[in-house]
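Below are the C-alpha cells for one structure; questions will follow.
Along the sequence shown, the residues carry numbers beginning at 1. Small disclaimer: the values here were computed from a predicted structure and weren't measured.
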Amino acid sequence: MIVLGILGLVLYALFFYNPCNYSHKNPNPNNKYQLLIANEESHFKDSVVSVLTKHYSSKPVNIKIIPLSALSQIEPKEYHAIVILHSWYTWKPPPEVEGFVQKHHNCLENIVSFSTSFYGNLKMKELDGITGASKMSDANGYAQKLIEKINPLLNIDKQN
C-alpha cells in the first residue's frame with residue numbers, strides 16, 4: 001500500500017503538478033491579440049482563470065499565464081490586455097503587484113485586476129478591476145465580469 005501511495009504521488013507530480021502555473025499553450029502566430037494573466041494560485045482563482053482561458057481559446061487571442069512572482073519581468077506594452085488576480089493581505093496587495101503598478105504607473109490602461117479579500121471590497125485605486133470574496137460558487141460570475149472588462153481592450157465585442 002505504501003509503494004502504491006508513493007507511486008501515485010510520483011505520477012501526479014509528473015503529469016499534473018505545475019508549481020509555477022505557467023501556461024503550456026503554444027502561441028499561435030495567426031492570433032491578433034496578446035493576453036497575459038498573472039495569477040496568485042488558489043483553487044478559486046485557478047477556476048476563474050480556467051473560465052477565462054476557455055472563453056478566449058476560440059478567439060484570436062494568445063494567452064500567457066504566469067505567477068505573480070514573474071510580474072516584474074513583464075512589459076505592459078507587449079500585451080493588449082493584462083489580468084492580475086491577487087488577494088489582499090493585512091490591507092495591502094502583494095508586493096509583486098504594488099511594485100509592478102509603481103514601476104508602470106504611466107501605462108496601466110490595458111491592465112484589469114481581480115482582487116479578493118475577506119469582505120470582497122479592497123482594490124487598488126490605480127487599476128481598473130473588480131473585487132470579491134473567494135467563494136467557489138461565484139467564480140464563473142467573476143470571470144464573466146472580467147471578460148466584460150477585457151473584451152474592449154482586445155477589441156472583441158460581446159457577440160464574438
Side-chain angles (χ1 to χ4, degrees), residues 18 20-28 30-89 91-160:
N18 187 3
C20 295
N21 202 24
Y22 283 108
S23 173
H24 296 293
K25 295 182 179 188
N26 292 326
N28 181 342
N30 297 324
N31 285 345
K32 190 173 179 179
Y33 302 106
Q34 305 300 318
L35 171 62
L36 176 77
I37 300 174
N39 185 21
E40 178 181 57
E41 288 185 29
S42 74
H43 290 297
F44 173 73
K45 290 179 191 73
D46 290 346
S47 296
V48 173
V49 169
S50 177
V51 173
L52 293 176
T53 56
K54 188 175 185 180
H55 175 80
Y56 288 110
S57 67
S58 62
K59 312 277 188 264
V61 177
N62 287 324
I63 303 168
K64 181 177 183 179
I65 302 171
I66 63 167
L68 284 184
S69 60
L71 259 179
S72 63
Q73 302 161 10
I74 297 302
E75 180 57 52
K77 294 177 184 175
E78 294 178 7
Y79 298 90
H80 295 93
I82 297 174
V83 180
I84 301 174
L85 295 93
H86 69 87
S87 297
W88 280 70
Y89 302 100
W91 301 277
K92 293 181 82 168
E96 299 90 347
V97 176
E98 264 189 322
F100 182 76
V101 169
Q102 288 174 358
K103 180 179 177 183
H104 301 289
H105 66 277
N106 289 329
C107 52
L108 301 176
E109 62 276 350
N110 66 332
I111 300 173
V112 175
S113 71
F114 176 38
S115 56
T116 61
S117 59
F118 185 77
Y119 292 111
N121 61 349
L122 298 175
K123 175 182 167 312
M124 291 184 76
K125 65 179 180 190
E126 299 89 349
L127 295 178
D128 182 25
I130 62 173
T131 64
S134 297
K135 291 174 44 182
M136 287 302 288
S137 60
D138 296 336
N140 191 54
Y142 287 129
Q144 296 306 317
K145 288 179 182 179
L146 283 169
I147 289 167
E148 289 174 12
K149 292 193 169 285
I150 298 166
N151 282 351
L153 299 173
L154 299 177
N155 295 319
I156 296 175
D157 63 22
K158 292 182 181 182
Q159 284 76 34
N160 283 340

Exercise. Near Lys123 NZ, under 6.0 Å, is it more than 12 heavy atoms from other residues, nucleotides or ligands?
Worked result: yes
Problem set entry | Spatial distance of atom CD1 (Ile130) from atom CG (Leu146) [nearest 0.5 Å] | 4.0 Å
Exercise. Which residues satisfy the side chain to side chain contact (heavy atoms under 4.5 Å, CB included) test with Lys103, sequence neighbours excluded?
Worked result: none
Problem set entry | For Glu40, salt bridge (charged side-chain N to carboxylate O under 4.0 Å, His left out) partners two or more places apart | Lys45
For this session: Rounded to the nearest 0.5 Å, what's the gap from CG on Asn39 to CD1 on Ile66? Could you check?
Result: 10.0 Å
Exercise. By side chain to side chain contact (heavy atoms under 4.5 Å, CB included), which residues pair with Val61, not counting sequence neighbours?
Worked result: Tyr33, Leu35, Tyr56, Lys59, Ile63, Leu154, Ile156
Exercise. Is any side-chain heavy atom of His80 closer than 4.5 Å to a side-chain heavy atom of Leu153?
Worked result: no
Problem set entry | Test side chain to side chain contact (heavy atoms under 4.5 Å, CB included) applied to Glu75 - qualifying residues, sequence neighbours left out | Lys77, Glu78, His104
Problem set entry | Side-chain donor-acceptor pair present, Ser87, Thr116, cut-off under 3.5 Å | yes
For this session: To the nearest 0.5 Å, tell me how far Asp138 CG sits from Met136 CE.
Result: 10.5 Å
Problem set entry | Donor-acceptor contact below 3.5 Å, side chain Thr131 vs main chain Gly120 | yes
Seminar exercise, completed: One should read off an interatomic distance between Ser115 OG and Asn121 CG, to the nearest 0.5 angstrom, of 9.0 Å
Seminar exercise, completed: For Ala81 and Ile150 the tightest heavy-atom approach is CB-CG2, 4.2 Å
For this session: Please report the C-alpha distance between Ile84 and Glu96 in whole Å, then the side-chain angles of each, then the deciding distance to 0.1 Å, and finally whether the side chain to side chain contact (heavy atoms under 4.5 Å, CB included) criterion is met.
Result: CA-CA 11 Å; Ile84 301 174; Glu96 299 90 347; over 6 Å; no
For this session: Examine distances only and state if a side-chain atom of Ser117 and a backbone atom of Trp88 form a donor-acceptor pair shorter than 3.5 Å.
Result: no
Exercise. Distance-only, no hydrogens or angles: does the Ser47 side chain make a donor-acceptor pair with backbone N or O of His43 under 3.5 Å?
Worked result: yes
Seminar exercise, completed: Those residues at least two apart in sequence (or on a different chain) that pass side chain to side chain contact (heavy atoms under 4.5 Å, CB included) with Leu127 are Val101, Leu108, Ile111, Ser113, Met124
Exercise. Mind checking what makes side chain to side chain donor-acceptor pair (under 3.5 Å) contact with Asp128, not counting sequence neighbours?
Worked result: Lys149
Seminar exercise, completed: Residues Phe100 and Ile82: closest non-hydrogen pair is CZ-CD1, 4.4 Å
Problem set entry | More than 12 heavy atoms from other groups under 6.0 Å of OH on Tyr89 | yes
Exercise. Can you tell me how far the CD1 atom of Ile65 sits from the CG atom of Leu36, to the nearest 0.5 Å?
Worked result: 9.0 Å
For this session: Examine distances only and state if a side-chain atom of Asn110 and a backbone atom of Tyr79 form a donor-acceptor pair shorter than 3.5 Å.
Result: yes
Exercise. Between atom CG of Leu122 and atom NZ of Lys92, what is the distance when rounded to the nearest 0.5 Å?
Worked result: 13.0 Å
Exercise. In chain order, what residues pass the side chain to side chain donor-acceptor pair (under 3.5 Å) check against Tyr142, with sequence neighbours excluded?
Worked result: none
